[in-house]
2 protein chains.
Amino acid sequence: MPTTIRDVAKKLNISVYTVSRALDGYDDVAEQTRERVIQTANKMGYAPNRAARQLRRQKAETIGFIIPSISKRFNEPFFTEFVSGLGEELSSRNFDLLVSNAKTDDAERQLYHRWVNSRKVDGFILNRIRRHDWRVSFLSQWGIPFVALGKSEDGIEYPYVRIDAADEYLDLVNHVQKNGFSQFAFIGGPTDLVNQIDRLKWFRFATKKCGLEVPRDYIISTDMTSRGGYEATSALLNSRTPPDAILCVNDEAAFGALHAAREHGLTVGTDIAVAGFDGIQDSLHAEPPLTTLDIPVADIARQLAGMLLETLSERPLELTEIVIRPKLLTRASTGKQVNRSVDQ
Amino acid sequence: MPTTIRDVAKKLNISVYTVSRALDGYDDVAEQTRERVIQTANKMGYAPNRAARQLRRQKAETIGFIIPSISKRFNEPFFTEFVSGLGEELSSRNFDLLVSNAKTDDAERQLYHRWVNSRKVDGFILNRIRRHDWRVSFLSQWGIPFVALGKSEDGIEYPYVRIDAADEYLDLVNHVQKNGFSQFAFIGGPTDLVNQIDRLKWFRFATKKCGLEVPRDYIISTDMTSRGGYEATSALLNSRTPPDAILCVNDEAAFGALHAAREHGLTVGTDIAVAGFDGIQDSLHAEPPLTTLDIPVADIARQLAGMLLETLSERPLELTEIVIRPKLLTRASTGKQVNRSVDQ
DNA sequence: CTGAAAGCGCTTACAG
DNA sequence: CTGAAAGCGCTTACAG
């Protein structure tokens with residue numbers, strides 16, 4: 001039998017109203033009374049029943065994050081860093097984080113529906129935004145607040161964080177080229193992913209600017225897993241004219257590329273250059289350490305959570321767009337001359 | 001304005017009771033009525049308000065998992081596989097999973113208290129059990145159901161899963177010895193961790209059985225991170241009489257050991273053997289691939305979730321202990337003669 | 001500043 | 001088989 005607000009009130013011989021107001025810090029309770037209430041509540045181990053409060057306030061004080069079915073592995077390092085950031089920010093603001101993963105697109109839709117209909121969450125954080133994204137249309141149609149990492153092209157306004165790596169991608173291509181590599185290939189993700197579209201755009205822009213020619217079949221679409229990166233790289237290396245620089249849409253794919261290159265008897269950094277994107281922790285421990293464009297994943301997640309809470313709070317949200325620029329981390333996987341060595 | 005049970009009842013001109021009973025599948029509603037109720041409810045997009053149901057039923061239908069503060073990284077692969085398994089099992093049974101992580105021991109205690117007092121969860125899943133574990137005493141004292149991976153020595157009964165790797169550890173030591181290594185060291189975890197205690201015990205038992213002498217300072221306690229493994233291995237290799245076989249308490253520490261060995265100019269598998277424990281996915285992609293004792297982490301998590309739900313269901317739980325035996329995966333990190341090559 | 005009372009949306013004994 | 005009613009534990013207009 002957990003303590004209820006009634007127990008606390010009875011103990012102090014005051015009304016439940018006073019207890020409630022005192023604990024929520026309203027100023028219509030005498031200072032002295034509040035003190036006594038807080039002390040007694042703590043001593044009795046009282047915490048408001050969540051369900052009752054939610055029912056009454058018509059708020060769940062919970063945020064949902066559903067790992068898109070598009071990603072095969074729940075445990076992609078990217079997601080764990082992301083979830084970690086969300087969890088930190090939310091719990092520090094007394095919100096809960098409900099996480100789930102869907103195997104299929106259908107299951108994913110059902111999850112959104114269920115969480116929306118049963119009022120389990122007050123809002124959602126989205127990720128892996130697609131150019132046309134049913135989640136965006138669905139949520140905005142139902143009037144459910146959400147924020148996202150990436151902007152869809154559905155013509156719907158919402159607060160978001162986006163990454164701009166145009167300049168840094170140019171730096172990367174320059175760096176790799178200076179290290180003696182010239183046949184650039186790009187191992188990308190699903191073609192409708194905003195991430196993929198942006199990163200490929202930067203790749204094209206940078207290689208063009210550097211006077212590099214990129215054959216059509218040097219641009220490959222994968223599922224962004226290390227297996228995908230492995231298979232794409234194997235195929236490239238087995239072609240008649242293999243590339244000598246492989247830039248990947250994310251670090252996971254790049255790990256697979258490293259593996260394939262080694263298996264092919266190539267020394268990464270000398271015979272071939274490989275680079276990733278995201279800057280997940282393991283990129284530093286890869287063999288050889290992976291050059292990557294580092295984005296502060298957990299920090300982005302924290303900012304997204306903050307944006308969403310502000311949206312919910314009814315206070316006007318000033319900033320509706322946050323732009324993040326990555327940091328180029330040059331490591332051994334793209335050549336010997338490592339100049340910027342400021343690494344953790 | 002989401003649809004309520006009242007809306008559905010009004011639409012059909014029946015009482016809310018009938019709607020409620022029909023949707024929950026009780027047999028005191030006419031078949032024909034039930035059909036109509038279900039159809040209408042679906043059409044109207046009705047889902048029971050979670051908070052109301054919880055308040056009435058006095059159940060949260062939610063399970064809590066708090067990542068122990070003892071682990072520095074939220075995103076240890078072990079945890080993500082574990083959480084993934086929990087999530088799958090629970091969501092398939094219509095339960096939610098509430099996950100959080102605590103930075104400090106104090107914050108961890110507070111989280112447990114808060115979730116217990118505010119009835120946010122019906123039970124907990126525990127992990128990284130210590131020999132004397134306040135979580136075990138606390139939860140059992142409050143009568144909160146829980147299950148755990150590992151058995152504490154507090155003399156408290158609870159359903160748990162434990163790992164028994166005595167035989168397999170012997171196989172591992174045999175295998176490494178046969179490959180020509182003889183100076184065994186053990187890189188372990190915090191000394192009060194049940195995991196650590198068991199694994200060290202198996203290590204001692206196996207090395208003794210194989211007639212190997214293990215100096216006192218060859219057994220090191222770390223925080224089980226790759227950094228910890230790296231530092232411990234560096235120290236060992238810089239000692240006057242370095243070991244040539246390093247068995248680690250988990251794969252993460254082993255990754256650090258690989259790194260340190262390479263940095264020391266050693267070829268892993270030839271000059272030195274390294275092995276891990278857990279069999280996380282990345283162990284296969286390490287350079288060289290890591291020999292490890294593979295335990296089915298996600299599967300264990302699924303079983304734990306199942307055990308807990310059974311405990312909550314009031315049906316008697318028959319099985320109160322599940323024993324898991326790991327599978328030895330011999331790979332290149334412990335020598336060239338890889339015999340059992342059945343790898344995914 | 002404080003108290004008595006209504007109501008959030010369900011579920012379920014209690015009558016019929 | 002169905003309906004009217006109570007109550008889970010809160011929060012908050014409404015009186016005083």
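Every chain is numbered from 1 and lettered A, B, ... according to where its sequence line falls, protein lines coming before strand lines. Remember, it's a predicted structure, so these values are computed and weren't measured experimentally.
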From dT2(D), dC10(C), dC10(D), pick the nucleotide closest to the side chain of Ala52(A)? dC10(D)

Between C1' on dG9(C) and CZ on Arg57(A), what's the gap in Å once rounded to a whole number? 18 Å

For DNA chain D, consecutive-pair runs of 3 or more (Watson-Crick or G-U wobble, both H-bond-type distances under 3.5 Å) give C:1-3 with D:14-16, C:5-12 with D:5-12, C:14-16 with D:1-3

Check Ala305(A) against Leu86(A) and note the closest heavy-atom contact, atom names and distance. CB-CD2, 4.2 Å

Quick one: Asn13(B) CG to dC1(D) P, roughly how many Å, whole number? 20 Å

Report the distance from atom NZ of Lys120(A) to atom P of dC10(C), rounded to the nearest whole Å. 14 Å

Gln58(A) vs dG9(C): side-chain N/O to OP1/OP2 distance below 4.0 Å: yes

Ring geometry between His113(A) and Trp142(A) (parallel below 30°, tilted from 30 to 60°, perpendicular above 60°): perpendicular

Can you tell me how far P of dT11(D) sits from OH of Tyr46(A), to the nearest Å? 6 Å

For dG3(D), does OP1 or OP2 lie under 4.0 Å from any side-chain N or O of Thr18(B)? yes

Just to confirm, is there a sub-4.0 Å distance from OP1 or OP2 of dT2(C) to any side-chain nitrogen or oxygen of Tyr26(A)? no

Just compare dT11(C), dG3(C), dT11(D) and give me whichever is closest to any side-chain atom of Ile5(B). dT11(C)

Using the 3.5 Å cut-off, write out each protein N or O paired with an N or O of nucleotides 4-7 of chain D and the distance between them.
{"unit_1": "dG7(D)", "atom_1": "N2", "unit_2": "Arg56(B)", "atom_2": "NH1", "d": "3.3"}

Under 4.0 Å between a side-chain N/O of Ser20(A) and OP1 or OP2 of dT11(D), yes or no? yes

Is the centre of the Trp134(B) ring less than 6.0 Å from the centre of the Tyr112(B) ring? yes

Send over the distance from Arg50(B) CZ to dC8(C) P, rounded to a whole Å. 21 Å

Applying salt bridge (charged side-chain N to carboxylate O under 4.0 Å, His left out) to Arg57(B) and Asp24(B), what does each step give before you reach the verdict? CA-CA 13 Å; Arg57(B) 286 210 177 144; Asp24(B) 277 357; 3.0 Å; yes

Taking only the P atom of each, what is the distance from dG7(C) to dG3(C) in whole angstrom? 22 Å

Just how far, in rounded Å, is P of dC10(D) from CZ of Arg119(B)? 11 Å

Using a cut-off of less than 4.0 Å, is there contact between a side-chain N or O of Thr4(B) and OP1 or OP2 of dG9(C)? no

Can you confirm whether the side chains of Arg114(A) and Asn94(B) place a donor and an acceptor under 3.5 Å from each other? yes

Using side-chain hydrogen bond (donor to acceptor under 3.5 Å, both in side chains) as the criterion, point out the one residue from Arg131(A), Arg130(A), His132(A) that pairs with Asp154(A). His132(A)

Residue met sooner reading DNA chain D from 5', once Glu31(B) and Leu55(B) are mapped to nucleotides: Glu31(B)

Table please: side-chain donor-acceptor pairs of residues 33-46 of chain A below 3.5 Å, with sequence neighbours left out.
{"unit_1": "Arg34(A)", "atom_1": "NH1", "unit_2": "Tyr26(A)", "atom_2": "O", "d": "2.9"}
{"unit_1": "Arg34(A)", "atom_1": "NH2", "unit_2": "Glu31(A)", "atom_2": "OE1", "d": "3.1"}
{"unit_1": "Thr40(A)", "atom_1": "OG1", "unit_2": "Arg36(A)", "atom_2": "O", "d": "2.6"}

Does a donor on one side chain sit under 3.5 Å from an acceptor on the other, for Thr104(A) and Asp106(A)? no

Closest approach of Lys151(A) to Tyr158(A) (non-hydrogen atoms, all atoms of both residues): CA-OH, 3.1 Å

From CD of Gln32(A) across to P of dC1(C) the rounded distance in Å is 11 Å

Nearest-angstrom distance from the residue atom CD of Glu61(A) to C1' of dT11(D): 12 Å

Taking all heavy atoms of Phe146(B) and all of Leu139(B), pick out the closest pair and write down the distance. CD2-CB, 3.6 Å

